[in-house]
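Bear in mind that the values here come from a model prediction, so they are computed numbers and not experimental data.
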Amino acid sequence: MKKMFVLATMLISTLGCAQKEETTFKKEGLENVMVTKENQPITFAEILKKYEGKTIVIDVWASWCSDCIKGMPKVKALQEKYPDATYLFISMDKTYEAWLKGIEKYEVKGEHYLTSDGMKGVFGKSINLDWIPRYMVVDKTGKIALYKVIEADDEKLIKTLESLK
């Protein structure tokens, strides 16, 4: 009986701690000012508006992140398989120069923006960022269709993109 109680308690606490799948971006994340490759300020809301009506794959990454770099071949395979999606790379790099060098060095193809305050900043907190790379999918209506995966070949990511074709 005691074992059953312990198992039930563990199950409830595990389910209670499961991260909620968000379907919209938080206000503070949308208002967060990022930087374009041309070193111009732009809010995340303005970025999303640019790609309105398209499926958007968001890749939160950094050029210093070894897991991000190891995952790039999977991202490139995803781009080949789903070429109609917009690939939006949000960098957590610490400097503008390092970010631009990383894009070139790793031949990252897509739309690029740099956060202004890193992983623990406003944007990172607004999406509950606890690991990079982090992949999200936004559908054509602007709704978050997939909130969080950390592998570009994750089955949930593939299924989400298939469902949005």
Side-chain angles (χ1 to χ4, degrees), residues 19-63 65 67-93 96 99-119 121-165:
Q19 193 163 25
K20 183 180 164 218
E21 289 286 313
E22 299 289 339
T23 57
T24 58
F25 289 100
K26 293 177 183 163
K27 183 176 185 264
E28 56 271 19
L30 291 168
E31 292 173 349
N32 187 244
V33 177
M34 298 184 180
V35 177
T36 66
K37 281 177 69 178
E38 295 74 34
N39 207 11
Q40 296 299 309
I42 187 169
T43 65
F44 186 58
E46 292 171 320
I47 293 168
L48 291 175
K49 187 148 185 65
K50 283 177 71 170
Y51 309 107
E52 210 169 51
K54 294 185 168 236
T55 296
I56 306 168
V57 176
I58 299 174
D59 181 342
V60 183
W61 77 296
S63 65
C65 166
D67 287 341
C68 300
I69 304 316
K70 284 182 213 161
M72 280 301 168
K74 294 176 185 177
V75 173
K76 291 175 182 178
L78 203 62
Q79 289 174 317
E80 283 181 31
K81 188 170 182 180
Y82 302 98
D84 294 335
T86 295
Y87 292 84
L88 182 59
F89 293 88
I90 307 287
S91 175
M92 295 291 151
D93 272 290
Y96 177 78
W99 170 54
L100 292 181
K101 282 181 190 170
I103 293 168
E104 188 176 327
K105 180 177 180 179
Y106 301 110
E107 300 175 351
V108 185
K109 305 288 185 229
E111 305 302 317
H112 297 276
Y113 300 92
L114 175 66
T115 57
S116 53
D117 55 4
M119 284 182 63
V122 175
F123 182 74
K125 286 179 184 171
S126 78
I127 62 166
N128 306 311
L129 189 63
D130 59 0
W131 189 263
I132 58 175
R134 160 80 172 275
Y135 304 97
M136 304 173 79
V137 178
V138 178
D139 71 16
K140 292 175 182 170
T141 68
K143 179 181 159 226
I144 300 172
L146 179 65
Y147 189 63
K148 178 183 179 180
V149 295
I150 60 170
E151 295 284 342
D153 61 354
D154 188 292
E155 192 176 310
K156 286 196 288 188
L157 179 57
I158 306 302
K159 283 181 179 176
T160 301
L161 290 173
E162 282 294 323
S163 74
L164 297 174
K165 269 184 158 179

Can you find a pair of side-chain heavy atoms, one from [X] and one from [Y], that are under 4.5 Å apart?
{"X": "Arg134", "Y": "Tyr147", "value": "yes"}
{"X": "Thr86", "Y": "Val138", "value": "no"}
{"X": "Ser91", "Y": "Tyr113", "value": "no"}
{"X": "Leu129", "Y": "Met92", "value": "yes"}
{"X": "Asp59", "Y": "Ile132", "value": "no"}

Is [X] reaching over with its side chain to a backbone N or O of [Y], donor-acceptor style, under 3.5 angstrom?
{"X": "Gln79", "Y": "Tyr87", "result": "no"}
{"X": "Asn32", "Y": "Phe44", "result": "no"}
{"X": "Tyr51", "Y": "Gly142", "result": "no"}
{"X": "Ser116", "Y": "Val33", "result": "yes"}
{"X": "Asp139", "Y": "Ala145", "result": "no"}

Heavy atoms of other groups near Lys74 NZ, more than 12 under 6.0 Å: yes

NZ (Lys125) with more than 12 external heavy atoms under 6.0 Å: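 Atom NZ in Lys125 is not packed in, count stays at 12 or less.
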
Salt bridge present between Lys148 and Asp130 (N-O < 4.0 angstrom): yes

Note: Lys165-Glu162 ion pair, threshold 4.0 Å (strictly below):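 Counted as a salt bridge, because a side-chain N and a carboxylate O are separated by less than 4.0 Å.
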
Minimal non-hydrogen separation, Trp99 against Val35, with atom names: CH2-O, 3.7 Å

Separation between CZ of Phe89 and CD1 of Ile103, rounded to the nearest 0.5 Å: 9.0 Å

Interatomic spacing from CG in Leu157 to OH in Tyr135 - rounded to 0.5 Å: 8.5 Å

